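Heads up, the thing below is written out as C-alpha cells.
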Protein chains: 2
Amino acid sequence: MTIYNFSAGPAVLPKPVLEKAQAEFLDYSQSGMSVMELSHRSKEFDDIIKEAEQLLRDLMKIPDNYKVLFLQGGASTQFSMIPLNLAKGGKAYYVVAGSWGKKAYTEAVKLSKTIPFEPILLASSEETVYDHIPQIDSSQIDADASYVHITTNNTIEGTAIYDLPETNGVPLVADMSSNILAVDYNVADFGLIYAGAQKNIGPAGVTIVIIRDDLLNEEPVLSSMLDYSIQAESQSLYNTPPTFGIYMAKLVFEWVKELGGVAEMEKINREKSDLLYDFIEASDFYTSPVKNKADRSVANIPFVTPNKDLDAKFVSEAGALGFKNIKGHRSVGGMRASLYNAFPRQGVLDLLDFMKTFEAENQ
Amino acid sequence: MTIYNFSAGPAVLPKPVLEKAQAEFLDYSQSGMSVMELSHRSKEFDDIIKEAEQLLRDLMKIPDNYKVLFLQGGASTQFSMIPLNLAKGGKAYYVVAGSWGKKAYTEAVKLSKTIPFEPILLASSEETVYDHIPQIDSSQIDADASYVHITTNNTIEGTAIYDLPETNGVPLVADMSSNILAVDYNVADFGLIYAGAQKNIGPAGVTIVIIRDDLLNEEPVLSSMLDYSIQAESQSLYNTPPTFGIYMAKLVFEWVKELGGVAEMEKINREKSDLLYDFIEASDFYTSPVKNKADRSVANIPFVTPNKDLDAKFVSEAGALGFKNIKGHRSVGGMRASLYNAFPRQGVLDLLDFMKTFEAENQ
C-alpha cells in the first residue's frame with residue numbers, strides 16, 4: 001500500500017533526500033562518522049552549514065544585506081524573540097488571521113508586561129474563526145512603528161497572504177513557516193522572515209530566521225540565546241546548533257534547486273492545489289470553509305463533507321487506504337490536505353479518486 | 001582505518017543505535033514514514049516520547065515528584081530559563097569551576113538587569129584557569145536563597161564534582177551536560193538537572209530538564225517557550241518538539257539499559273579513564289593539567305606533551321591515524337580525550353599504543 005502523508009508538520013520529506021541521508025548515515029563523506037557525530041566546529045560541519053546558507057540564499061534570492069540564521073525553538077520562540085529584539089519600546093502591529101498569528105500577538109502582549117513596548121492588533125478575523133484574511137487599513141500604521149507582523153500562510157485554517165500589505169515604510173515581519181520555499185515571495189519586501197523547518201525544510205528542531213542588517217539590535221537583550229545580533233555575529237554557532245537538522249535542510253535545499261527553484265516549486269504546488277480546489281468547487285458534496293478564493297492557501301487545504309459523522313468516516317476510511325494524517329485540526333474539524341513541496345502530485349490524484357468513491361457511496 | 005572520535009560534543013554515538021536508526025530511517029515501525037515525517041501528535045510519536053521519558057526515569061531512578069522535559073536551545077538557553085523561572089527575586093548562588101559555569105553565571109547577571117534578583121558568585125577557580133574545583137563555603141549560603149548552581153562536569157577543563165556541596169537546604173541546580181548517564185548521581189539530591197543531548201544522549205538539538213515539582217513557577221514568565229510550568233503541563237508538546245532527536249535519545253537510553261544501566265556505565269567509564277590517567281601519571285612525557293586527582297573528570301581528559309610544538313605534532317599525527325577531534329579546546333590547548341559512554345574501550349587502548357610510540361619518537 002502506498003502511504004501518502006498529509007500531515008501539517010512534521011510533514012512528508014522528499015524521498016531522494018531521505019534515501020541520501022540513510023545511505024551516508026553511518027559514514028558522512030568518508031569521515032568514518034555520522035553527521036550527528038561531527039563536531040560543530042569541524043571542517044565537515046562548517047561546509048554543511050555554509051552550503052546550506054548559500055543554497056537558501058540562492059533559492060530565495062536573499063539580498064546581501066540580510067543575515068540568515070539557523071536557530072532552535074521553533075516559530076513559537078520567535079514569537080518572543082521578535083518583540084524582544086525589534087520592538088525597542090515602540091509600536092508593534094499584528095495582523096491576526098489565524099491561530100498562529102493569534103499566538104504571536106498573545107506572546108507579544110505577554111512580553112510587553114515586562115519589556116515595555118506597544119503591541120497593537122491591526123486587523124483580525126477571529127470573529128469568523130479565521131475563515132478569511134482580514135482587511136488591513138494601512139492608514140492606521142504609524143510610520144515610526146517598529147514592525148508589522150503577519151503570517152503568510154495559516155496552516156490550521158488554510159488561508160494565505162499573497163499580496164503583501166502596504167505598511168507605510170514600517171518593516172514587515174513574517175511567520176513563513178508553512179509556505180517558505182513553496183510560494184515565491186520577494187525577500188526584500190520583508191524586514192524579517194522566520195520559519196520552523198518541519199514543513200518545507202527538514203525535520204523539526206531547526207528554525208530559519210532571515211533578518212535585514214539594519215534591524216539587528218544594537219543593545220543586548222536579556223538572554224544571549226535570544227539575541228539576534230549575537231546569533232548573527234556567531235554565524236549560528238553561538239552554542240551547538242541542531243547539526244543533523246541543518247544537514248537535512250541542506251539536502252532539501254539541493255532537492256528544491258534540482259527541481260528548478262522556488263518559482264517552479266510554486267507552479268507545481270499551484271497545480272496540485274488547483275486539482276483539489278477545482279474538484280471541491282465542482283462538487284455538491286465537499287465544501288471548502290475558505291470562501292474567498294484569493295485567500296486560499298496553496299499549502300493547506302481544509303474541506304468538509306455534508307456532516308461531521310461523514311467527516312469522521314472519511315478520515316477513517318482514507319486512513320485505512322494509506323491517506324494518513326488527513327484529519328483537520330481539532331479547532332477546525334473536517335479534513336485538511338497539507339500539500340507541501342515534498343507531497344507528490346500522484347497523491348492528490350489518488351485522493352481525488354477516493355473522494356469520488358466516498359461521495360458516490362455516501363450521497 | 002578505524003576512526004575513533006574523541007569529540008567533546010557533538011560526540012560519538014553507539015554504533016548499534018546508529019545502525020537501528022539507519023535501518024528504519026525510511027519506514028518507522030511499518031508506518032511507511034520516516035520518524036522525521038511523523039506528526040508530533042501521532043500515536044507513533046506519542047509512544048516514542050513516552051517511552052523515552054520512562055527509560056530515562058528508570059535509568060536515573062527519577063522520583064515521581066520530578067518532571068522530565070525534552071526542550072530545545074541547549075544548556076545555553078537553560079542559563080536564562082533557570083533564573084527566569086526559579087530566581088523569584090531572591091539570591092541565586094553560582095559555583096564557577098569552568099568556562100560553562102562562567103557562562104551560566106554571566107547570563108544570570110545579564111538577566112538580572114531586567115528581571116530583579118541577586119546572582120551571587122559563591123566560589124570560583126577562574127584565577128587558575130579552572131584547573132580545580134573551588135572550595136565551597138556552605139556557611140555563606142542563605143537558607144532563603146532560590147538555588148545554588150553547579151556544573152557537575154567541566155567539559156573544557158576536565159574537572160568534575162562527585163561529592164555534592166552542602167547547600168543549607170537550598171535547591172541544587174546542575175548543568176549535567178557532559179556527564180549525565182555517565183556518572184551515577186542521585187536525582188533526589190538536586191532541585192533541577194539539565195543537559196544538552198549531544199554528549200551522552202543523542203544528536204544536538206535536544207535538551208533534557210529534570211525539575212522537582214515544587215520548583216515549577218506559579219507565576220507565568222515573560223515567554224511561554226521559556227516557562228517550565230507551561231512546558232511541563234504540555235508534556236514537552238507545547239510546540240513541535242525535535243522529534244527525531246527525541247527518537248534517537250530513546251534508542252540511546254535503550255542501549256544504556258541493555259548495557260546494565262548508569263552504575264554499570266560509570267564503572268566502564270572509570271575503567272576507560274583510569275587506563276588513560278594511570279598511563280599519564282606513570283609518564284615523564286605527558287602531563288595532566290588537573291593536579292587534584294579527586295577533581296578529575298571521567299568524561300573529558302585533557303593532557304599535554306612537554307611543549308606546544310609537540311602538542312600540535314601529536315594532534316596532527318594522531319588525526320592521520322584515525323584519532324579524530326583530540327585537539328584540546330582553544331582556551332586550554334594541548335589534547336583532550338572525551339571518553340563518553342559510546343566511546344569504546346578499545347579506542348583508549350589504541351590511543352595508549354600511539355602515545356607510547358609518539359613519546360619514544362619525540363623524547
Side-chain angles (χ1 to χ4, degrees), chain A residues 1-3 5 7-13 15 18-19 21-22 25-26 31-34 36-40 42 45 72-77 79-80 84 103 107 110-111 113-115 196 198 202-206 220 222-226 238-245 248 322 324-325, chain B residues 1-3 5 7-13 15 18-19 21-22 25-26 31-34 36-40 42 45 72-77 79-80 84 103 107 110-111 113-115 196 198 202-206 220 222-226 238-245 248 322 324-325:
Chain A
M1 183 171 67
T2 306
I3 299 295
N5 181 8
S7 173
V12 59
L13 288 164
K15 191 146 254 176
L18 290 172
E19 285 166 348
Q22 182 184 41
F25 197 72
L26 269 87
S31 65
M33 294 178 256
S34 172
M36 293 185 192
E37 300 176 302
L38 297 175
S39 165
H40 58 300
S42 66
F45 183 71
Q72 297 187 57
S76 295
T77 298
F79 296 164
S80 301
L84 194 58
K103 280 204 179 188
E107 283 297 312
K110 179 179 262 193
L111 184 72
K113 290 172 187 166
T114 308
I115 310 286
Q198 65 271 17
V206 178
L222 53 81
S223 162
S224 299
M225 281 296 288
L226 303 180
Y238 175 73
N239 75 334
T240 313
T243 51
F244 191 75
M248 289 297 297
K324 297 293 183 189
N325 298 311
Chain B
M1 182 170 69
T2 305
I3 299 295
N5 182 8
S7 174
V12 59
L13 288 163
K15 192 146 253 177
L18 289 172
E19 285 167 346
Q22 182 184 42
F25 197 72
L26 268 86
S31 65
M33 294 178 257
S34 172
M36 294 186 191
E37 300 176 301
L38 297 175
S39 166
H40 58 300
S42 65
F45 183 72
Q72 296 188 56
S76 296
T77 298
F79 297 164
S80 301
L84 193 59
K103 280 204 180 190
E107 283 297 313
K110 179 180 265 195
L111 184 73
K113 290 173 189 166
T114 307
I115 309 284
Q198 65 270 15
V206 178
L222 52 81
S223 164
S224 299
M225 281 295 288
L226 303 180
Y238 174 73
N239 75 335
T240 314
T243 51
F244 191 75
M248 289 297 298
K324 299 292 183 189
N325 298 313

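Please read these numbers as outputs of a predicted model, since none were measured by experiment. The chains referred to below are lettered A, B, ... by the order of the sequence lines, with proteins before strands, and numbering in each begins at 1.
Here the OG atom belonging to A:S224 is positioned 8.0 Å from the NZ atom belonging to B:K103, to the nearest 0.5 angstrom. Rounded to the nearest 0.5 angstrom, A:M36 CE and B:L13 CG are separated by 7.0 Å. To the nearest 0.5 Å, atoms CD (B:Q198) and CG (A:N239) are separated by 8.0 Å.
Taking 4.5 Å as the limit, some side-chain heavy atom of B:P10 sits within range of a side-chain heavy atom of A:T240. Two residues are said to be in side-chain contact when any heavy atoms from C-beta on lie closer than 4.5 Å; A:L26 and B:K15 meet this criterion.
Contact record, A:P242 with B:G205: CB-CA, 4.2 Å, taken as the closest heavy-atom pair. Contact between B:S223 and A:E107 at its shortest, heavy atoms only, is CA-OE1, 3.5 Å.
Using cut-offs of 30° and 60° for the angle between ring planes, the B:F244 and A:F244 rings count as parallel.
Both the backbone and the side chain of A:S76 have a heavy atom closer than 4.5 Å to some heavy atom of chain B. Only the side chain of B:I3 comes within contact range of chain A, with at least one heavy atom under 4.5 Å from a heavy atom of that chain. If you measure heavy-atom distances from B:M248 to chain A, the contacts under 4.5 Å come from the side chain alone. Residue contact with chain A, scored on non-hydrogen atoms closer than 4.5 Å, is absent for B:F79.
If you tally non-hydrogen atom pairs under 4.5 Å between each of B:L18, B:T243, B:I115 and chain A, the highest count goes to B:L18. In terms of heavy-atom pairs under 4.5 Å with chain B, the best-connected choice from A:G74, A:P241, A:G73, A:A204 is A:G73. Ranked by heavy-atom pairs shorter than 4.5 Å toward chain A, the options B:A11, B:S80, B:P203, B:G202 are led by B:A11. Put simply, of B:T2, B:L38, B:V206, B:N325, the one with the most heavy-atom pairs under 4.5 Å next to chain A is B:L38. Among the candidates B:T114, B:L84, B:L226, the residue making the largest number of heavy-atom pairs closer than 4.5 Å to chain A is B:T114. With chain B as the partner, the residue from A:K110, A:K324, A:E19 showing the most heavy-atom pairs under 4.5 Å is A:K110. Contact tally against chain B (heavy-atom pairs below 4.5 Å) for A:S39, A:G32, A:A21: the top residue is A:S39.
Looking at B:N5, its side chain does come within 3.5 Å of a backbone N or O of A:E37 through a donor-acceptor pair.
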